[in-house]
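Report on the following structure.
This structure is a prediction, so every number in the text was calculated from the model and none was measured. Worth knowing before you read on, the calculation uses all heavy atoms, side chains too, and leaves out hydrogens, waters and symmetry mates. Counting starts at 1 for both ligands and their atoms, in listed order.
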Amino acid sequence: MAIRFIENDKRIFRLDTDDSTYLIGICREGYLGHIYYGDRLYGEVDDYLLRTEEAPYTPSINKRDKIAFLDSFPMEFSTGGIGDFRESCLKVRNEGGNSGCELFFHSYNIYKGKKKLEGLPASFGNENEVDTLEIVCEDSVLKLRVILSYSVFEKENVITRSVRLENKGNEKLKIEKVYSACLDMDNQDFEMISLCGSWERERHIQRVPLHYGKQLVSSIRGESSHQEHPFLALATKETTQTQGRIYGMHFVYSGNFIAQAELTPYDSIRAVIGINSEEFSWNLHPGESFQAPEAVMVYSGDGIGKMTRSYHTFYRKHLIRSPYKNKMRPILINNWEATFFDFDSEKLLSIAKEAKKYGIEMLVMDDGWFGKRNNDNCSLGDWIVNTDKITGGLKKLADDVNKIGLKFGIWFEPEMISPDSDLYRKHPDWAIAIKGREAALSRQQYVLDLSRSEIRDYIYEAVASILRSANIFYVKWDMNRQLSDLGSSYLDAESQQELFHRYVLGVYELQERLLTEFPYLLLENCSGGGARFDPGMLYYSPQIWCSDDSDAIERLAIQEGTALIYPLSVIGAHVSDCPSHSVGRITPFETRGHVALAGSFGYELDITKIPKEDREQIPNQVELYHKYNDLIREGDYYRIASYRENHLYDCWSVVSEEKEEVLVTYVQVLARPNQRSRRILLQGLKTESYYWLEGTDEIYTGEMLMNAGFLIKGLLGDFRSRLYHFLEKK
Ligand code: GLA
């Protein structure tokens, strides 16, 4: 068992993964305190770090001063209103209008395996893979039970956490805040790593020293967002890819979030992650319970790279469910950047025919096939095939594409409604809006109120009936605006603040239903590029469109940030045409291919129109994809150099589990005079083995490659790239 309760004169919960240990203590008053999280401990453990015998102490009353004590005690799950003035994880208001909350240990339960989280995406594992601890705490005034769950995935060095609230009394309670995880530690000269950006510039890595007070990333946009990401890591200052201590917290949720680190006057840290409490509240009637989403925590004592690989392996094995997660996915060609709204069956078939000649395996028909949608100002909600464009209907198109030898995929944006749509004319109250206030349009559309079951049913049937009508292998589920003007004509005044969360639950329910009826559907989530690229969506789709910016050089920072915590297999990456739609840059077709190979590969261009010399490179890229995809999908990822940091070049590698095969991708962003070679230090090889660089007669020792380095030679020009494939010589 990875979890033990040690009960002698102390009471300590001990959670061990292969390389980390997590300790929770129960102090004499019954508060749960956080003792330790860090490198694996093997011997006996103690709780002296709770400092329960230390000041603050008030001599006049000869006992501990509660406020001073609570203001510095390392709480396992903090609550507000009773003297801990740091960030609280829980705020619950009673019928009397008061919000103080104080949790005391009640009982615990340890078991093998892990339960599902009702209505929410969450990690999973069988009885040999994961153990779970549930600590039950109680507030006797509120008659509130709080169940803190910890699931320990030993091999992956992951501890997941979630929280469930149960109203055991006779009064209605209002939850005004409930986070999913809290980590109180002494400061170790930490820096905070987060992922920030905007549309077409998602998930750039940001690393800053902590200052006193609170620093946070968050979203109140109704989705995890382009702008910030539900992730936070604390790394000691000296931490690099290969050394140093780092703590990661990642949130399995697709709506509003907060991830915050607070440096206190006593040099302790409180890191929290959970649903953003802004515009959130939830009515908890007697007998009801509320499940908060899951947070995934990783500690690495061996640098950022090890944390990265823990997240990658964990998501691949214990979060993504799709039958395609361990399979090579068909190389797709998507018509969006090729045609935008200007297409018909004939055009699509001409793309499909040409694509087939060059080895592409699936055609995806993007936005514009339904209603009267010839631009983005109408028809969302009217999921009726436009037979003026799709002549003969969808089944015929899918069959014709299949006859050419390609699979067929289709785009939807099910959560939206255009004011110019039959659906809106019939049901204007289905859009999210505040009564008496004109709701803001974004991309000329409103958002459907997914808290209503009849709307969810309508959407479901709209999508499912299309899928039933033709041979559709793949769906791109898009979501192209963020939520504003939060108001529901269905929820009562007391429940309006439940809308943000109910919306997310609605999305999850819809995708769950879809995958239940169509278990072999290859689903790709998308949100104006990568605004809903989060672990919540990964539970439903094994790949997510990473960014609308597919310029190969822009993608370096976007994919580096994304791969900090996500396996390459989930990162939607396509080769697109030049000059880039996003930045006007011209990059070699070869480089675009090399960068897109580090993801779920495809094309986003008009293959009938691109230059012949580019088109002729496609069969080679298809071959590279077939040759390397198993390795890229399943292998261990190592970040070797970052263009974001050095402003000159980027480099990463993927190493097979047995360390017999290595693929290195090198991108020279800017060339320098008189510097035609550059040394890079590989990682993750076997020191004592010999490695052959395929296609050459060069043989290196793993030790030399990792310590002395490999020499990149003879690369002249900007935006140039190379792949190097090494095989262990037996
Ligand atoms: C979003 C997506 C694009 C494309 C368009 C269609 O921007 O990210 O890939 O599907 O919508 O409107």
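Looking at atom 2 (C) of ligand 1, its nearest protein heavy atom turns out to be Asp478 OD2, 3.1 Å. Atom 3 (C) of ligand 1 has Asp548 OD1, 3.5 Å as its closest protein atom, hydrogens excluded (heavy atom only). Looking only at protein heavy atoms, the nearest one to atom 12 (O) of ligand 1 is Asp367 OD2, 2.6 Å. Here the heavy atom of the protein found nearest to atom 5 (C) of ligand 1 is Trp336 CE2, 3.5 Å. For atom 10 (O) of ligand 1, the closest heavy atom belonging to the protein is Asp366 OD1, 2.6 Å. In this structure, the protein non-hydrogen atom closest to atom 9 (O) of ligand 1 is Lys476 NZ, 2.7 Å.
Under a 4.0 angstrom heavy-atom cut-off, Arg443 registers as being in contact with ligand 1.
Using a 4.0 Å cut-off between charged side-chain N and carboxylate O, Asp422 and Lys426 make no salt bridge.
Of the possible donor and acceptor atoms, none in the side chain of Thr587 sits under 3.5 Å from a partner among the backbone N and O of Arg592. Checked by atom type and distance alone, the side chain of Trp199 pairs as donor or acceptor with a backbone atom of Gly528 at under 3.5 Å. Distance alone, capped at 3.5 Å, is enough to place a donor-acceptor pair between the Arg481 side chain and the Gln445 backbone.
Only one option out of Asp551, Asp549, Asp577 pairs with Arg585 in a salt bridge (Lys or Arg N to Asp or Glu O under 4.0 Å); it is Asp551. For the ring-ring contact (aromatic ring centres under 6.0 Å, His included) with Phe341, the qualifying choice from Trp369, Trp336, Phe370 is Trp336, the only one to do so.
Interface of Cys526 with ligand 1, defined as ligand atoms under 4.0 Å from a residue heavy atom, comprises 2 (C), 8 (O). Shown in contact with Asn480 at under 4.0 Å from a heavy atom are these atoms of ligand 1, numbered in order with element: 1 (C), 7 (O), 11 (O), 12 (O).
The shortest N/O to N/O separation between Gly529 and ligand 1 falls below 3.5 Å.
Using a 4.5 Å cut-off on side-chain heavy atoms (C-beta onward), Glu354 and Lys357 make contact.
The residue Asp376 has no part lying near ligand 1, judged by heavy-atom distances below 4.0 Å.
Classification of the His229-Tyr566 ring pair by plane angle, with boundaries at 30° and 60°, yields perpendicular.
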